[in-house]
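Following: one structure in C-alpha cells, then a few remarks.
To find a chain, count down the sequence lines: A is the first, B the second, and so on, and within it residues start at 1.
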Protein chains: 4
Amino acid sequence: MARTQAAVDKRRLILDAAVRVFARQGFHTCRVSDIADEARVAYGLVYHYFKSKDEILDTLFLERWDILLRAITEVDTQEIPPREKLYAIAGFIVDSYRHDPELMKVIIVEVTRAANTFGRTHLPQIRQAYIQIAAIVDRAQRERIFRNDVTPDFAAMAFYGAVEQVLTGWIFSLLPVGDREYEDAKTLIVETICGGLERVEG
Amino acid sequence: MARTQAAVDKRRLILDAAVRVFARQGFHTCRVSDIADEARVAYGLVYHYFKSKDEILDTLFLERWDILLRAITEVDTQEIPPREKLYAIAGFIVDSYRHDPELMKVIIVEVTRAANTFGRTHLPQIRQAYIQIAAIVDRAQRERIFRNDVTPDFAAMAFYGAVEQVLTGWIFSLLPVGDREYEDAKTLIVETICGGLERVEG
Amino acid sequence: MARTQAAVDKRRLILDAAVRVFARQGFHTCRVSDIADEARVAYGLVYHYFKSKDEILDTLFLERWDILLRAITEVDTQEIPPREKLYAIAGFIVDSYRHDPELMKVIIVEVTRAANTFGRTHLPQIRQAYIQIAAIVDRAQRERIFRNDVTPDFAAMAFYGAVEQVLTGWIFSLLPVGDREYEDAKTLIVETICGGLERVEG
Amino acid sequence: MARTQAAVDKRRLILDAAVRVFARQGFHTCRVSDIADEARVAYGLVYHYFKSKDEILDTLFLERWDILLRAITEVDTQEIPPREKLYAIAGFIVDSYRHDPELMKVIIVEVTRAANTFGRTHLPQIRQAYIQIAAIVDRAQRERIFRNDVTPDFAAMAFYGAVEQVLTGWIFSLLPVGDREYEDAKTLIVETICGGLERVEG
DNA sequence: CATGAATGAGACTTCATTCAT
DNA sequence: TATGAATGAAGTCTCATTCAT
C-alpha cells in the first residue's frame, strides 16, 4: 500500500528538518529531539518513520546521491566534447549546492568526507560516481582529446576533489558566494582541470 | 618549564596511541579509555596530560599542520618555477601520508574535512595553507607563467582539493597504494592542475 | 449488553492472538503491536476492546481461572474418595494444558508465578484454589483417610506445587510430553502425594 | 590482578541493594537508578561493575544457585537414607529462605519461574538441580527403598515443586511464617512426598 | 606522576496509550 | 467499528570528566 499523503508529508517534514539541523549542528552533535523540534513533531514520530538517527542521514544521502548518479549517466549519453561533460557535471553539483546548500553540506561533511562512519557505509555508492567520471576521461583519452599519461581514476579523483573543495570553500566561507561566483566556478573548475593553470604560449 | 624526560615520553605515547585509535575508530566513536588502553597507560593519566579528549586531537592537528605551513613557506622562498613549488607542496603532503598514513587520515577526516566541529575551530590555521598556496599562484600569474583568468584563491582550492582527494582515495582504498603510486601521484597532480587534462596540439 | 457477533469475534481474535504472543515472547517482552499483528487487526482496535495491555492478560487469566475454580468445586461435590478428587483436579489441570498449552503457560508463568505483578493482583483468585483444595484435604483428615500431621493448607500447597512443577517441566522441555505422559502424570502426581515415594512393606 | 578490597565492597553493595529492589519492585518494574539509590552509589557505578541490568540478576542467581548445587552434591555423598537426603535438601532451601528471604524470592520469582526470560537463560543450571535430585531418587529405587513406579525425573519435579510452592506460600503470605513454621515445613514436605498424605493402616 | 574508581548528565530508543478520521 | 499516525514519558546505557589515594 502506498503511503498516505499525510504520512508522506510528515516524513518529508522530518527529513527537511534533519537537513537543517545536521547542517547547523552536525550529525554527531545534534540530538534526535532537535530534529523533532525543528520539524515541530513529537519526538516519537521520528522513530515512527525512521528506525534510527542513522537511517535519516542514510535516506538523505541516498536520495540525493542517486539523483547525482543519474545526472552523470545522463550527461555521459550526450554527444558532446568531454570538457562539456565535465562542465555539465560540475554544473550539476554546483547547482545542487546553490539550490540547497544545507543538504549538500550535510552530504559532503557527514557522508562523503566521513571516512570512518557513513563514508565507509556508502562507499559503493560514492565510488560509483568516481567510476562514471573516470569512464568519461577514459573515453576522452581513447579519442585522443585528453592526454593519457594521467590515469582515468586519478583524473576523476582530481576533478571531483576540486569540485568538492570549492563547495567546502563556500561552506566554510573561504570563497565568496553568489550567483555570479557559482556560474564562474563551473567554468573555472573545468578550465583548471582540463586546460591547466599554466599559460600556453601561442 | 621543562618537562622531565619520562613525562614527555608518556605524553608522546598517548598522542601516538590516539592517532592509531582515531584512525581506526574515528574521533567521535572512540572512547578515552580506548586511547589509554592503546597507550598502555592508566585511564586517568590521559587527563593528567590533556585537559580533554578534544585537546588531544587539537594537539595532533596543530603539531602537524604547523609543520605543513612551515614547509609551504620554505618552498615559497626558493627560486624555482611555480610548477616546481606546487610539486614540492604536493610532494610534502604525499610524503607525510607515506610516512604516517594514520596521522594524515586523522587530520583530514577529523579536522580539515569536519566542517562542523574541529574544522571550524581550526579554520584560521587551515585557511593559512590556502592563502600561502594562493600567494604562489598569484605570483605565477604576475610573472605571466600562470594564466590569470582563474583567481588565485580558486586555484589554491582546486589544487589542495585534488591533493586531499587523492589521499582520500588511498584512505578509502579507491586508488592503488605503493611507493610507485606515491611518486607518480606527485607528478600527476601537478600535471593535471598545471598542465590540464587536455592534449595540447603541437 | 449484547455484543454484535462480529465484535465478539474480533475481541476473541485478539485474546487468542495474545495467548500465542505472551507464550512466545512473554508479557513484558512483547509489544501491543505484536498482538495486533498476530491477530491481523489494526493496532488501535486492541484499545477499542481493552483498556490496556494489562487488561488483556487479566481477562485471559480470569476467564480460565474461573473455569478451574468451578471445576474444583464441582469435583468436591461428588461423593468419591479424596484421592479420586485430587486425581480429578490434577486431571483437569493436565487436560487444560494438553488442550491449550500456550494458555496454561501464560497463566502459570505470567500470573500464578509472578509474585510481583499479576500474581499479587490476582492473589485472592489464586488463593481460592488453594483454599478449595485444602478443604478437600481437611475433610479427608476428618474422615481419617488422610493423616492429620500435615496441615491442610500445607498439603494443598504441596499438591498444587507438584502439579504446577510438572507443567513447568513440560513447558521447559524438562519432562517428556505426549498423550501417554499426560495420562501417566495424573496418576503419578496422585501416587506421589497421596501414597508417598517410599515403599510400604507388607 | 585480584579486585581491590574497596572495589569488592561497592560491587557487593550494589548486589545486595539489587536484591532488595528486585524483591520489592520486581526486576522488570524497577529501574537501574533504583538500585543505585538503594546502594547509595552513583548511577554510573552500577555500569562500572556490571555490563547490564540483566547481568546483575544473572550474578545473583548464579552465585546462589551454585551454592545450592554444591549443597545437593554434598548431601548425596553422605551415607544416609534417601528420606534424610531429601530432608537435608529441603532443609537447605528452607534455611536459605529463612536467612535471606528477599534473595530467594528474587531467584524463584525472577529466574526459576520466569520461563520466558531468565528461566530460559539459566535452564541448564536449573536442570542440574533436578538431575541431582532425580539421581537420589534413582538410587533409592535401586536400593528398593523407594517404589519404582514413579520415574525419578518425575519424583524430582514433584519434590522440588512442593518445596518451591511452600516458599511461594511464604512469599505471598499464603502460609504462616516463623521459625517454628520453617522447621515444621522441612519435615512436612518430606513426610508428604516420601510418606504420602494417606494414612497407612497398621 | 600514576591509578582507576566514582560521578552524573545526556543520548538514543521503545512503546503504551491517545486521537483524528 | 476500524485504522494507524501521533504523542511523549520513561528507561537503559555510554562515557567524558573528576577525584581520592
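- In this structure, OH of B:Tyr43 is placed 11 Å from C1' of E:dT7, rounded to the nearest angstrom.
- The main-chain N or O of A:Val32 is never found under 3.5 Å from a side-chain atom of A:Lys53 such that the two would form a donor-acceptor pair.
- Going from atom CD1 of A:Ile35 over to atom C1' of E:dC12 covers 11 Å, rounded to whole Å.
- To the nearest 0.5 angstrom, B:Ser96 atom OG is 8.0 Å from B:Ile107 atom CD1.
- The line from CG of B:Leu15 to CD of B:Glu63 is 5.5 Å long, rounded to the nearest 0.5 Å.
- Across all strands shown, F:dC13 is found opposite E:dG10 as a Watson-Crick or G-U wobble partner, with both distances under 3.5 Å.
- Pairing for E:dA20 is with F:dT3, a Watson-Crick or G-U wobble pair whose two hydrogen-bonding atom distances lie under 3.5 Å.
- Taking atom CZ of C:Arg31 as the reference point, atom P of E:dT17 lies 15 Å away to the nearest angstrom.
- When heavy atoms are screened at a 4.0 angstrom cut-off, A:Ser33 is found touching no nucleic acid atom at all.
- C:Ile56 has its CD1 atom 12 Å from the C1' atom of E:dT17, to the nearest Å.
- With E:dT13, F:dA6, F:dC13 as the candidates, the nucleotide lying closest to the side chain of A:Val32 is E:dT13.
- For the P atoms, the distance linking F:dT21 with E:dC1 amounts to 22 Å, nearest Å.
- The 5' end of DNA chain F is approached more closely, in terms of each residue's nearest nucleotide, by C:Arg40 than by the other of C:Arg40 and B:Thr29.
- C:Glu110 places no side-chain N or O within donor-acceptor distance of the main-chain N or O of C:Val106, the cut-off being under 3.5 Å.
- Taking atom CG of residue D:Leu13 and atom P of nucleotide E:dA5, one finds them 16 Å apart after rounding to whole Å.
- Toward the 5' end of DNA chain F, the nearer of the two residues C:His48 and A:His48, judged by each one's closest nucleotide, is C:His48.
- In the set E:dC12, E:dA16, F:dT17, the nucleotide with an atom closest to the side chain of C:Lys53 is E:dA16.
- If you take CZ on C:Phe50 and CD1 on C:Ile35, they are separated by 9.0 Å, rounding to the nearest 0.5 Å.
- Nucleotides of DNA chain E nearest to B:Ala42 and A:Cys30 differ in position, and the one nearer the 5' end is that of B:Ala42.
- Atom OH in C:Tyr47 sits about 17 Å away from atom P in F:dT7, given to the nearest Å.
- Between A:Gln25 atom CD and E:dA11 atom C1' there is a gap of 13 Å when expressed in whole angstrom units.
- Atom P of nucleotide E:dT14 and atom OH of A:Tyr49 are separated by 17 Å, given to the nearest angstrom.
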